There are 2 protein chains.
Amino acid sequence: MTAPPGRRERKKAATRQKIADTALRLFLERGYDAVGIRDVAAEADVAVTTLFSHFASKEALVFEQDDEFERRLTRAVTDRAAHEPLVPALRHEVEALVRHCTGDDAGPTWHLIDETPALRAYEESMRLRHAESLAAAMTADARLTPTPTACRTIARFVIDAYSLARDADDPDAALDETFRMIEAAWEAARSSPRAAAAGPRPATPRGRPARG
Amino acid sequence: MTAPPGRRERKKAATRQKIADTALRLFLERGYDAVGIRDVAAEADVAVTTLFSHFASKEALVFEQDDEFERRLTRAVTDRAAHEPLVPALRHEVEALVRHCTGDDAGPTWHLIDETPALRAYEESMRLRHAESLAAAMTADARLTPTPTACRTIARFVIDAYSLARDADDPDAALDETFRMIEAAWEAARSSPRAAAAGPRPATPRGRPARG
DNA sequence: TCCGAAATGCTAACTGTTAGTGTTACGGTC
DNA sequence: GACCGTAACACTAACAGTTAGCATTTCGGA
């Protein structure tokens, strides 16, 4: 299915990479707001239109490989061992993600995001997407009984735990605290009369589908 | 402290109101994206700069009196009876807010927001602000013992409950479910060893202050 | 070899937003 | 009532992100 990439696709990937690298370098050198799209395009030696054919927006230049976040949390749900409980698996993954952000080896990217309001807002706007994706994975997991609404709630909760821990003075303590609350909420959802009475849920989610 | 407003302030308020009304009318007539700032300014017979001196952004034209949301939730915390428990008080307020949005008398404003991705994103970006405001009120409440982190978590949870209920097919059921989870999480935070051992918290919040 | 499609480029515009700079109308003071 | 400071407003011009339209190159496959 994945044939060896031809010259064309290699060139395209190279262009994209060059744009992303240039953008990150300039942003770190001069600050996000002080660097314009036209600066990035010029420095990367591409046209502005080419830049926008690779990245949907200026913010996307920073969050290029952000799908990884979504993938890792989703996999924490789907790839966990047969009877491994959900919440600890999620916590384990969130811990790793937080360490990846707050660690020194994370590179200065996180610092850039942390200090740029526009990027924080953008990331914030992706939280719903991530939460919805995680909720979908949970809802699709036949081992879980709570309703789609409960899955959505817990999913947002987990994303919140991530961002709260990142911002906390003591990430470990914050994670500890929030995940204790998540565990309790999850237990409440599992033992809810609604979930218990309904038995195994239908495969199709009930709620209004997410927009945007 | 509040002297009878002079002509000046009345004129200012009138201008602001005229802009907001015109904007809402045009947005509803032609759709949010199809109406430009310059259209609104022209139709309201003001300069673009005047418009921006009253409203910080195009989105703000729709969310003009949004502080009410923040105020109502905060008051649900501070103005509740001496020993009234927190979560039911919050739930009561959220229920009222959801009814206000999903009811027919809410006017078409909510519909507009609901169907415009840009407005949804903007509202999403205000959720952190609202949550932080609510969390601050909770943290400042001497009757509560959980830590600032726990307050932040619950606050975000409450805001999520609001938005989940609004989007749900059955808002009442969704509220029921999410608030059962909130109650459980809150109980877990209250009985946490950290909170219990620490006793009454210091008045100053510990976490890194919110940015943006 | 040749055709079609994809990648890229150039131009020009549109849209939200702001800085700079005047002008007018109001409120308080003498 | 005259006067002055200031807040509200307008006008111009620009900046920055984004996109449409169209030309051009470059590759992949027939």
Side-chain angles (χ1 to χ4, degrees), chain A residues 1-20 22-24 26-27 30-64 116-123 125, chain B residues 1-24 26-27 30-64 116-123 125 212:
Chain A
M1 208 39 97
T2 50
R7 198 189 327 246
R8 192 173 235 163
E9 303 180 29
R10 271 185 289 121
K11 279 200 171 183
K12 180 172 185 177
T15 302
R16 182 190 163 91
Q17 195 61 41
K18 185 174 184 183
I19 295 173
T22 305
L24 197 55
L26 292 186
F27 289 158
R30 310 181 204 164
Y32 180 80
D33 294 320
V35 177
I37 286 287
R38 290 161 177 86
D39 299 330
V40 176
E43 187 86 6
D45 202 32
V46 295
V48 174
T49 44
T50 302
L51 188 154
F52 275 109
S53 80
H54 284 277
F55 299 91
S57 67
K58 187 184 180 184
E59 291 95 344
L61 285 168
V62 178
F63 293 94
E64 29 158 1
T116 309
L119 293 177
R120 307 261 309 175
Y122 183 81
E123 200 190 11
S125 82
Chain B
M1 208 35 103
T2 48
R7 200 189 326 250
R8 194 175 231 160
E9 305 180 28
R10 269 184 289 120
K11 279 200 172 183
K12 179 172 185 178
T15 303
R16 181 189 164 91
Q17 195 60 43
K18 185 174 184 182
I19 295 174
D21 291 347
T22 305
L24 198 55
L26 292 185
F27 289 159
R30 312 182 202 163
Y32 180 81
D33 294 320
V35 177
I37 286 287
R38 290 163 176 86
D39 299 330
V40 176
E43 187 85 6
D45 201 32
V46 295
V48 174
T49 44
T50 301
L51 188 153
F52 274 109
S53 80
H54 285 278
F55 299 91
S57 66
K58 186 184 181 185
E59 290 95 347
L61 286 168
V62 178
F63 293 94
E64 28 158 1
T116 310
L119 292 177
R120 306 261 310 175
Y122 183 80
E123 200 190 11
S125 83

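Just so we're on the same page: letters track the sequence lines, and every chain starts at 1. The shown structure was predicted, so the numbers you read here are calculated from the model rather than taken from an experiment.
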Practice item. Tell me, please, which residues at least two apart from B/S57 pass side-chain hydrogen bond (donor to acceptor under 3.5 Å, both in side chains). Key: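 Result, side-chain hydrogen bond (donor to acceptor under 3.5 Å, both in side chains) vs B/S57: B/E59.
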In whole angstroms, how far is the [atom2] atom of [N] from the [atom1] atom of [X]?
| X | N | atom1 | atom2 | answer |
| --- | --- | --- | --- | --- |
| B/Y122 | C/dG16 | OH | P | 15 Å |
| A/F27 | D/dG17 | CZ | C1' | 12 Å |
| B/R7 | D/dC9 | CZ | P | 15 Å |
| B/K12 | D/dT6 | NZ | P | 16 Å |
| A/E59 | D/dA16 | CD | P | 15 Å |
| B/L61 | C/dG16 | CG | P | 10 Å |
| A/L119 | D/dG17 | CG | P | 12 Å |
| B/K18 | D/dC9 | NZ | P | 11 Å |

| Sequence neighbours excluded, which residues qualify as side chain to side chain contact (heavy atoms under 4.5 Å, CB included) partners of A/A13? |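 By the side chain to side chain contact (heavy atoms under 4.5 Å, CB included) rule, A/A13 matches no residue at all.
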Partner set under side chain to side chain contact (heavy atoms under 4.5 Å, CB included) for B/D21, not counting sequence neighbours: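 For B/D21 the side chain to side chain contact (heavy atoms under 4.5 Å, CB included) partners, ignoring immediate neighbours, are B/Q17.
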Notebook entry, point to check: Reckon B/V35 touches a base, only the sugar-phosphate, or nothing at all at heavy-atom distances under 4.0 Å?
Noted result: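 Result for B/V35 = sugar-phosphate.
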Fill in: side-chain N/O B/K11 vs C/dC26 OP1/OP2, d < 4.0 Å
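Result: yes.
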Item to complete: Go through residues 45-53 of chain B and report each residue with a non-hydrogen atom lying under 4.0 Å from DNA chain D, sorted by number.
Response: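 Hits under 4.0 Å, by residue number: B/D45, B/V46, B/A47, B/T49, B/T50.
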| said: So, under a plain 3.5 Å distance rule, would you say the side chain of A/R38 forms a donor-acceptor pair with the base of D/dG17? | reply: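 Looking at the base of D/dG17, it does pair with a donor or acceptor on the side chain of A/R38 (distance under 3.5 Å).
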request  = Starting at CG of B/L24, measure out to CG of B/L61 and round the result to the nearest 0.5 Å.
outcome  =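 Between atom CG of B/L24 and atom CG of B/L61 there are 9.5 Å.
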Next on the checklist: Return the CZ to CG distance between B/F27 and B/L119, rounded to the nearest 0.5 Å.
Outcome noted: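 It is 7.5 Å, given to the nearest 0.5 Å.
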Map B/I37 and A/H54 onto DNA chain C by nearest heavy atom, then report which one ends up closer to the 5' terminus.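 Its nearest nucleotide being more 5', the pick is A/H54.
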Would you mind telling me which residue lines up with the more 5' stretch of DNA chain C, A/T15 or B/K58, judged by nearest nucleotide?
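That would be A/T15.
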Side chains of residues 39-55 of chain B: which donor-acceptor pairs under 3.5 Å do they make with residues two or more places apart or in other chains?
unit_1 : atom_1 : unit_2 : atom_2 : d
B/D39  : OD2    : B/G36  : N      : 2.9
B/E43  : OE2    : B/R25  : NH2    : 3.1
B/S53  : OG     : B/T50  : O      : 2.7

With a cut-off of under 6.0 Å to the ring centre and 45° to the axis, is A/K58 in cation-pi contact with A/Y122?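 Judged by the rule, A/K58 and A/Y122 form no cation-pi pair.
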